[in-house]
2 protein chains.
Amino acid sequence: MSELVELTQRERDALDALELRQRHVRRGAILQRENEPCGELFILRRGLMMSYVLLDDGSRQILRFLFPGDMLGISSAIYSEAPETLCALSDSVVSPFDRAALADIMRTHPRLSAMILVYSQIERVSLTDRLAALGRTSAKARVAALLLDLRNRLRATDKAIDSTFVLGLTQEEIGDATGLTAVHVNRMLRQLEEEGMIAREGGRVTLLDSSGLAFAANYVNRYEGLDLRWLPSAA
Amino acid sequence: MSELVELTQRERDALDALELRQRHVRRGAILQRENEPCGELFILRRGLMMSYVLLDDGSRQILRFLFPGDMLGISSAIYSEAPETLCALSDSVVSPFDRAALADIMRTHPRLSAMILVYSQIERVSLTDRLAALGRTSAKARVAALLLDLRNRLRATDKAIDSTFVLGLTQEEIGDATGLTAVHVNRMLRQLEEEGMIAREGGRVTLLDSSGLAFAANYVNRYEGLDLRWLPSAA
DNA sequence: CGTGTGTTTGATTTGTTTCAACTACAGTGG
DNA sequence: CCACTGTAGTTGAAACAAATCAAACACACG
């Protein structure tokens, strides 16, 4: 959060208070299950997670990939039953806190409240981008968009990452995120490779033509282009 | 907002202050255009609107239909350029206000800030429902879900509406919302009609088997099942 | 009365899924 | 150490859902 605004000491303290506890979650472990009561929120400290829903024909739609620094479970906090499942894609560390802590922040830190709203709106716009992708773009464009988004969000926590990164996802997971079958994801990756847009070897992907990919995928990085000058001043 | 929590007089006054001005917008008029600078937010007072994005092959994805009481343009407010277009589907009335007014509320009314966050999370979950629908369900299920959602949200402002309502949308608009072509939407509506799930005559739709539709469409009304007991107390 | 927008229907094509088989590889236990 | 198992990736052929193309039709509107 300190990347977008200069936080005061009091604000930093309030955020640190959310991260007092730590919980380790193994790869594949489920932090919160769809349709089960859910009291807790989390901040992801380390690792890669995802949120998804299951449809009653057994198919899965991955809603979002979650990276260190992300706040998890806000949407679940407003319902008596969780609307989505939270699951670890790699061994991860989270800091759980309860809804009362969120309410406390909203009461005493107006600017942090505004920042939470800002992040939830960034997430909203990312979701609408994906909605447009699923509704109106080709399989290849969707896979390209996913690769670009993964790269950009990994880069947010690790500036060392440039065009090469480890794709910590199976092709089935890519399919469940893009609304495709694993088989077709495979063909699209292969096609992108043949066209010289990407290279692959042993779980690592290299984006050879980022701007070409971004153009083909209609991709916009929603963590850029913000205007937060209107935020309330720090308390 | 007063449907979810009991507002104090001061809170009501603060919300009323946002609605001092009124602007009439004609059917088809655009309130905010994608990629253009955007300062204003709006509260929709009367009418039906939508938000959409255009892709560069000319196709359109409708992101959300907007009903009286909805706050419009929060996501645009955090960017220097609007991520989506706001357009009136019927003659409508909106109350414009600026970002500073939103900042004011966040500074002085913690519980209203929390409510704004709650509404933006309800919207988020609705968007993820649609994401799952576009990614993983059939054309028929998507059309059914749209009809159910329209009915439920119309009902929120007009309790008189039961199973029959005027579908203020063209089949092309339904297609742009569900990721289908107008031609295919037509066939799906026809099929739902033949199966006895709905009836149609002159722009009016009747849901003959709501629960059957809800089951086929995996539909959940996201304005229900909330748990807001944790909200900060009124200032 | 013509014009345009929206709806309906049919024939054909296309992108994606499904099904099936096969490869590569890591982990496990005998 | 090696057979066994399971998971992930790859490839081809067939089936299918939805798009595309094309043509009528209905109807409101100027």
Student: For A:F67, is the NZ or CZ atom of A:R153 found under 6.0 angstrom from the centre of its six-membered ring and inside 45 degrees of the ring axis?
Tutor: no

Student: Mind checking A:G179 for me? I need base, sugar-phosphate or nothing, with any heavy atom below 4.0 Å counting as a touch.
Tutor: sugar-phosphate

Student: Just the rounded figure in Å: distance from P of D:dC16 to NZ of B:K140.
Tutor: 16 Å

Student: So if I take every side-chain heavy atom of B:T181 and compare against C:dT7, C:dT16, D:dT20, which nucleotide ends up nearest?
Tutor: D:dT20

Student: Answer yes or no: is there an ion pair linking A:E40 with A:R23, defined by an N-O contact shorter than 4.0 Å?
Tutor: yes

Student: So what does A:R190 touch, heavy atoms closer than 4.0 Å: a base, only the sugar-phosphate, or nothing?
Tutor: sugar-phosphate

Student: How close or far is atom C1' of D:dA18 from atom CZ of A:R136, stated in whole angstroms?
Tutor: 11 Å

Student: Expressed in angstrom and rounded to an integer, what is the separation of A:H184 atom NE2 from C:dT18 atom C1'?
Tutor: 13 Å

Student: Closer than 4.0 angstrom, basic N to acidic O: yes or no for B:D91 and B:R46?
Tutor: no

Student: Under a 3.5 Å cutoff, is there a donor and acceptor pairing between the side chains of B:R45 and B:S95?
Tutor: yes

Student: Counting only side-chain N and O atoms of A:N186, is one of them less than 4.0 Å from OP1 or OP2 of D:dG9?
Tutor: no

Student: So which nucleotide from C:dT18, D:dT10, D:dC21 ends up closest to the side chain of A:Q171?
Tutor: D:dT10

Student: Atom CD of B:Q191 to atom C1' of C:dT9: distance rounded to whole Å?
Tutor: 14 Å

Student: Between atom CD in A:E201 and atom P in D:dT10, what is the gap in whole Å?
Tutor: 13 Å

Student: Counting side-chain heavy atoms from C-beta on, which of D:dA18, C:dA20, D:dA22 comes nearest to A:V183?
Tutor: C:dA20

Student: Could you check whether atom CD of A:E34 has more than 12 heavy atoms from other residues, nucleotides or ligands sitting under 6.0 Å from it?
Tutor: yes

Student: Can you tell me how far P of D:dA17 sits from CG of B:L134, to the nearest Å?
Tutor: 18 Å

Student: Would you mind reading off the distance between A:M188 atom CE and D:dT10 atom C1', rounded to a whole angstrom?
Tutor: 13 Å

Student: Taking atom types as they are modelled, would you say the side chain of B:R187 forms a donor-acceptor pair with the base of D:dT20 within the 3.5 Å cutoff?
Tutor: yes

Student: Could you tell me how far apart A:R200 (CZ) and D:dT10 (C1') are, to the nearest whole angstrom?
Tutor: 9 Å

Student: Of all the choices, D:dA18, D:dT11, D:dA8, which nucleotide is nearest to the side chain of A:T170 once you look at every atom?
Tutor: D:dA8

